[in-house]
Structure formats: C-alpha cells, structure tokens
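Structure first, then comments.
These numbers come from a predicted model, not from an experiment. So you know, we letter chains A, B, ... as the sequences are listed, proteins then strands, and number each from 1.
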Amino acid sequence: MRVASSISFMDCTSPTGRRPSRAGAPAPRGASPFRLAGAIEGAMRFSQAFIPTVKEVPKDAVDASHILLLRGGYIRMIGSGIYEMLPLGQRVLKKISSIIRDEMDASGAQEVLMPAILPASYFQETGRWDVYGDVLMRLKDRRGGDYHLGPTHEEIITDMIRREVKSYRQLPQLLYQVQMKYRDEPRPRAGLLRCREFLMKDCYSFDVDIDAARNSYEKMRETYVRIFDRLGLGYRVVEADSGSIGGDTSAEFQVLAQSGEDAIVACTRCDYAANVEIAESKQDETGDVDHSKTPERELVETPGAKTIEQVVAFFQKRDADFSAKRTIKSLMVAYGDEQAPSFAMALVRGDHELNEIKLARALGVDEVRLASDEEVGRLLRCKTGYVGPILQEAATFDGKVFADPAVAALADAVCGAAKTQYHYEHVALGRDFEAEVTPLRQVAAGDLCVKCGGALESYRGIEGGHIFILGTHYSSKMNATYLDEKGESVPIVMGCYGIGVSRLMAAAIEQHHDDDGIRWPMPIAPFQAVVLALGNDDEVQKEAEQIYERLRAAGVEVLFDDREERPGVKFKDADLIGIPIRVTLGKRSLDQGRAEVKLRDQKEPELFPIGDIVAQVTRVITEAGS
RNA sequence: CGGGGCGUAGCGCAGUUUGGUAGCGCGCACGGUUCGGGACCGUGAGGUCGGAGGUUCAAAUCCUCUCGCCCCGACCA
C-alpha cells in the first residue's frame, strides 16, 4: 500500500481505503473556491474507483460508442435498450446536464420535475393514448387503472399550466426538466443512441400569440446553439419534419457523425441545411420539354428486368450510353384507412429515391406505405418491377398519379409497361401519360440549394436536439386558455424543445474516438486529467501523489491511477476511458525532475518541470473552455 | 412485425454435424519473477450448458414449446 500523503484529507477515501476522520477534514467537500469553470465535484483514486474496464469487445455491441462505453466501464446493459450508468457514465451525464441547465437557466427557463409515471387520462385527452400505440410503456395499478411511463410531457405540462394560468399577465412561461423518458421502441439499438429508457431535457414555452411563440422559439434556438457549442460537438441546425409531436416549424440539432441514423444535406455556400426527409432542392427545369422528335412509344419485352439496375443493363445492350437517368421508377403506394386503403402512383427518375413524406404531403395524409406485391397485382394486373403509368386494359387502378419534376423533364424515357416482363421505350409525360407534377424525390448530394443555388453536400447526423413551435395543437385540445386584455378567452400558443442527454453522451463518442478509445471533448469528459504513476518506485509514487493533490487543490477534476498495474495497462486504460489530459510520471522523468503531459488528441507527450505541471494542466483546461 | 444470427464460468469463445468424464483464452485469488504501451511461471476457485417438457441406459448435443439478446428491414421525439 502507498504511503498516505499529508495533504490527502480531501480524498473520498484515504489511501488505506478507510474514510478520513472528520477532524482531519478542514475543507468541506464541494467548497473549493478554486474549482475551474465547468468542473463538477470530484477527484478519485483509480485503485478505489469503480471503473470496470474490459479488454475484449462485448459481442452484442457494434457501434463505436456502444463498444467504448461498455469497455470503458461507463455503462452496463440490463435489458434491451435499458442501461445502468456506472460512476464514469454518471459523471459525463452530470456534466452534459449541468451545461444544459446553466444555459437554460440563463435563458430564463425554470426547472421543474414532472412524474415519469402518468395516468392515462392526459394522453387520452389529446388522443395520443391511441396514436402512440405500442411505443407507450403501459401499466396498470392494483385497481386496474391505466397508466403509462412518460415518452414526453406536453400533456402533463399543459395541464399544469392550464390549472394555474388564467390571464395574459401570467405569460409567457418557459419551463423545463431533465428526466428519464420511456419509449418502447420497435427496435432499441446502438447502445445509448436508441434506448427504451433515456435521459432527456425537455422544455415547453407558453405564449399569448404566435409572434410571442416565435420569440420563445428563437430564444431557445439561440440557447441550443450555445449549449451545443459548449458541449464541444460538431453539429448542424437543420430544417426538419415535425413528426408525430405535431406543429409546424421545427429544427433539429444534428451531431455530425458517419454512423448517424439521419441523412441531412447542407449547402456549401449558404446556411441552408435540412433533414433529407423534408429537404428541397432547386426545381429541375420542366418548362418546354420538346418531345416532338421523340420516336413512337414501343413495347419492349424485358424478361427478368425488375429493378432499375436490370432495366439499365438491358437497354445498355443496344445503347452503351443508356443510364438510369433516362428511366422512370414507378411506385404504387397505399394510404388512408388500412382496412380499405386508397392507392396512388408516384413517378421519380430511375436514379432518384422517392421521399415518402413529400408524397404524403402531396396526398394530404400523414403517411403512406409501399403497396404490397399482392395489391399491385390486383390493381395493375402485373408484377412489381414492371409498374408504369400507362395502364393495360385489365387494370383497375384509378387513383392519382404524381410525378417528380425530373420525370416531367424527360423527353424520351423508359418506364414499366404495367405488364409483366415488358417495358415501354420512348415515353414522355404529357404525350404518353398524364401526372400531377410535384417534388417527390429525396434530395441528394450535388443537387442545388433552394435558397442560393449552391451545391448541396450530404452528411449523416445523430439527432441531439429538436425544437418545435407547437402552436395551439395541445392547448386547444386540452382547453388551455387565458383571458386577453379584452377579456376574451384565447388558447395558449406553445413550443417544445428537447435534448437527448444520454444520447448526446454516445453521439459525442461517435464523433470523438479512435482505435484506442474515447476522446472526450474537455467540457464533458468525466475527468479533465489523469495522473499515471509508473512502476513501483516509492519516490515516483510519492511525487505522483503530490502532483495529484496539487491538481485537485487547483480545482482540476483528476483521476489518479495509483493501481499496482504495469505501465501498459495504465496507458491503455487512460486511452480507452478517454480523459483529455494525461500526466505521466516515471522513474526516468522523475530523475530529470520532470513529468510528462500528453493530450489525448496529440501523439507526442511534452516534458515539464514537476513544479510547472499544475500550471500546464490548468492552462490546457482553460484554453479548452466550457 | 418480416428476414437472419446467437444464448456453454464474470467477459470472449470451442464443443452440438456423428448423444457417453464440460474445455480454451482473458479476468479473478494465492506465491514467485517482472515493471514506459493490455508481462511471465506455478497453484487454485469458479458452470442449474437461457428455461420447461420429451426421446434415450445416457442429452450442452436429438425433438417440441418457451424466454432473452444482437443484426438487416419496417418503424421511430
């Protein structure tokens, strides 16, 4: 065992593993006036910490953040999509939420805490008890009453507000909470990125009218920008679909990462950025398509050519220049009542993808789905793969047909003949078939920006935050009204603003890691620095301990690796856990009166006189900001 | 919900085809040697083979049912 240092009184436990006596603890914990900005309480000895790192890759983990959180001893899974936070994980969560709380408070929002377990009546009031379906974690109490765990809290907070707010004088209000949310996801995956229980900061604004609500929304947008900046994450604010939460205006804060679930496009020239679900690009030229020279339509037998790829391969045999850009992809979709669905046909150019959300909007419905093979057969009398807008006689389909502008721009195209094993050659919209022209396709890299005409780039992102103007969607359903100056009853205008706290912890790793482990941005690292004492030389141990004590006295969150482990083990663990600053002391450097400082982001260490270490470390932390 | 895969020691895996003493690596405990990038030698502890039922003299292994986990898709603030 190590020799106790005379200044180790602030330790959680003494080096002997026993608690220090009260009398020996002059400074109350958490009272250090020297704490650096962004620091949370705590320094720790590795030998006494609960940091169970593992060498081998857990078999069920695939994503970098999942693997590293498990290996680094941050989290453990106890059920599908349900995780425990170990001390390191909890520290990171605390740091992220304290930055969030700091900025939320600064924006004027007030923190509340609502229950996680909710009586069914609130969601029944807005219809979400049914709409949310299987995603709601439902329970019954002993008397058979219906309850559920909160997936989000619009109804509850709207109720809180409607009971108390009666007058315009009581508005605006801006309330938030940091709380566990529960969603029975169809498929939890990727560790903390998609859980059934997750930590979320949710905030709700209540305003007198839409203009005031826009103000709140703008204020939150700015607050979010400050939060994401402070977290040290690379992100884009993108226009987004509002989804099932309702409302019109919304923006997502997307943490950029190759492994992200969401595809987004961003302009290389201006600030336009959007989720591909709703992204638009500059309209393709559609005016004056000249098909006067287009040859007569021709029915071609195309055995086995079911996919665009196969069709292209078939026509390339005659014309080497033929490409998917000269084909029309025809898709049958079903919408409306699932018992008796309606059908529509969507046409996009062969090299484009259909955006179902855009099609749904064109149809004026919430969602559409691709028609089944059986449905296509019944409506068109042909197999999928040969669908086309020019129907054969036996077809019974009489729904709407929509075409993307890029299809309208084709003067001489190939499309399915709506007859199994056949395609048409030389067809053109307006001559051979009719369709309503509206943007339907998924925007892709290289398309032109709707705002400025610049080229769009594509990224992948992880949705870390989402802000919405809800309007009166909830307040009108729940009768949350106030009396205005004229004494008239008016529905409150709402907004809601979420940040996935636990998800951000994983997102940060997806964005910041290498082969050796995590590379935490300074503001959210569980510790700012780690001190490694190498070898079992008494002098080295003593000196390293002094450095550790001086760092903590200076307010640095520091982990002291005092374990009786070989150097390699300590280096590997330090890299894995991902602490930004590593201070290493070994016999060699001690003999020169020096210790080594290495940043997790850098390859090479730097040697400094031992007396300068504290200054160096605090300088790096200060420069990293938070 | 559709498709695929996997459940054997704390972790990672072999053993299942062809039924017959449950194994390996890591980790853990003890002793020794080592000590700047996951050391080495020796000794040792640790397993209802996911669960239930069945076939059999005999089941990790064959059959039936069931539970759980992962991946792809569908879905998703």
Expressed in angstrom and rounded to an integer, what is the separation of A:K55 atom NZ from B:C28 atom C1'? 12 Å
Once you round it to whole Å, what is the distance between P of B:A77 and CD of A:E261? 11 Å
If B:G73 has a Watson-Crick or G-U wobble mate with both distances under 3.5 Å, name it; if not, just say none. B:C1
With distance as the sole criterion, do the side chain of A:R582 and the base of B:G37 form a donor-acceptor contact below 3.5 Å? yes
Carboxylate-amine/guanidinium proximity below 4.0 Å for A:R519 and A:D601: yes
Distance check needed: B:C69 P versus A:E185 CD, whole Å only. 14 Å
Can you tell me how far P of B:C70 sits from CZ of A:R194, to the nearest Å? 14 Å
Are the side chain of A:R503 and the backbone N or O of A:E463 linked by a donor-acceptor pair below 3.5 Å? yes
Please measure how far the P atom in B:U21 lies from the corresponding atom in B:U16, and state the result in whole Å. 13 Å
So, under a plain 3.5 Å distance rule, would you say the side chain of A:E596 forms a donor-acceptor pair with the base of B:G36? yes
On RNA chain B, does the nearest nucleotide to A:R196 precede the nearest nucleotide to A:G586 from the 5' side, or the other way round? Give the residue. A:G586
Between the base of B:G38 and the side chain of A:R71, is there a donor and acceptor pair under 3.5 angstrom? yes
If I take atom NE2 in residue A:H466 and atom C1' in nucleotide B:C76, what distance separates them, rounded to the nearest angstrom? 13 Å
Taking the C1' atom in each of B:G51 and B:C69, what is the distance between them to the nearest angstrom? 15 Å
Sequence neighbours excluded, the answer for side-chain contact (heavy atoms from CB on, under 4.5 Å) partners of A:K572 is A:D516
Across the strands shown, which category fits A:M77 at heavy-atom distances under 4.0 angstrom: base, sugar-phosphate, nothing? sugar-phosphate
State whether A:R588 places a side-chain N or O below 4.0 Å from either non-bridging phosphate oxygen (OP1 or OP2) of B:G36. no
Counting only Watson-Crick or G-U wobble pairs whose two distances fall under 3.5 Å, which nucleotide matches B:U64? B:A52
Value in whole Å for how far the P atom of B:G36 lies from NZ of A:K572: 16 Å
Taking for A:D575 and for A:A61 the nucleotide of RNA chain B with the nearest heavy atom, the one nearer the 5' end belongs to A:D575
Sugar-phosphate, base or nothing in reach of A:G498, heavy atoms under 4.0 Å: nothing
By the 4.0 Å heavy-atom rule, please label A:D537 as base, sugar-phosphate, or nothing. nothing
Does B:A77 have OP1 or OP2 under 4.0 Å away from a side-chain N or O of A:K181? no
Across all strands, who's sitting opposite B:C11 as a Watson-Crick or G-U wobble pair, both distances under 3.5 Å? B:G25
Selected nucleotide, minimal atom distance to A:E56 side chain, candidates B:C76, B:G37, B:C26: B:C26
Nearest-Å distance once atom P is located in both B:A45 and B:C30: 15 Å
Could you state the atom-to-atom distance from CG of A:D561 to P of B:C35 in whole Å? 19 Å
Value in whole Å for how far the P atom of B:U34 lies from CZ of A:R566: 11 Å
State the pairing partner of B:G19; accept Watson-Crick or G-U wobble contacts with both distances under 3.5 Å, and report none otherwise. none
Give a yes/no on whether any side-chain N or O of A:S80 is located under 4.0 angstrom from OP1 or OP2 of B:C70. yes
Would you classify A:Y497 as touching base, sugar-phosphate or nothing, given that sugar-phosphate means primed atoms plus P, OP1 and OP2, and contacts are heavy atoms under 4.0 Å? nothing
Taking any heavy-atom pair under 4.0 Å as a contact, classify A:D573: base, sugar-phosphate, or nothing. base
Do the side-chain N and O atoms of A:Q177 and A:D202 include a donor-acceptor pair separated by under 3.5 angstrom? yes
Counting heavy atoms not belonging to A:Q258, are there more than 12 under 6.0 Å from its CD? no
NA contact type, A:R76, heavy-atom cut-off 4.0 Å: base, sugar-phosphate, or nothing? nothing
With A:Y224, which of A:Y235, A:F253, A:Y176, A:Y217 fulfils ring pair (Phe, Tyr, Trp, His ring centres under 6.0 Å)? A:F253
Has the side chain of A:E565 got a donor or acceptor that lies under 3.5 Å from a partner of the other kind on the base of B:G38? no
With P as the reference atom in both, quote the distance from B:A59 to B:G53 in angstrom, rounded to an integer. 13 Å
Complement of B:G31, any strand, by Watson-Crick or G-U distances under 3.5 angstrom: B:C41
P atoms of B:A52 and B:A14, separation to the nearest Å: 24 Å
A:L231 vs A:I99, side chain to side chain contact (heavy atoms under 4.5 Å, CB included): CA-CA, chis, key distance, verdict: CA-CA 7 Å; A:L231 292 172; A:I99 289 173; 3.9 Å; yes
Within a 6.0 Å radius of atom CD on A:E218, are there more than 12 heavy atoms belonging to other residues, nucleotides or ligands? yes
Categorize A:V569 for me: base, sugar-phosphate, or nothing, with a 4.0 angstrom heavy-atom threshold over every strand shown. base
Against the side chain of A:P186, the closest entry in B:C76, B:G36, B:A74 is B:A74
Determine the Euclidean distance between corresponding P atoms of B:G25 and B:C40; express it in Å to zero decimal places. 12 Å
Using a cut-off of 4.0 Å on non-hydrogen atoms, how would the nucleic acid contact of A:V57 be classed: base, sugar-phosphate, or nothing? sugar-phosphate
Same-atom distance (C1') from B:C62 to B:G15, integer angstrom: 16 Å
Base, sugar-phosphate, or nothing for A:A574, non-hydrogen atoms under 4.0 angstrom? nothing
Taking the same atom, C1', in B:C67 and in B:C49, what whole-Å distance lies between them? 16 Å
Tell me if the side-chain of A:R183 makes a donor-acceptor pair with the base of B:C76, cut-off 3.5 Å, by modelled atom types. no
Which of these, A:R582, A:R563, A:R566, sits in a salt bridge (Lys or Arg N to Asp or Glu O under 4.0 Å) with A:D573? A:R563
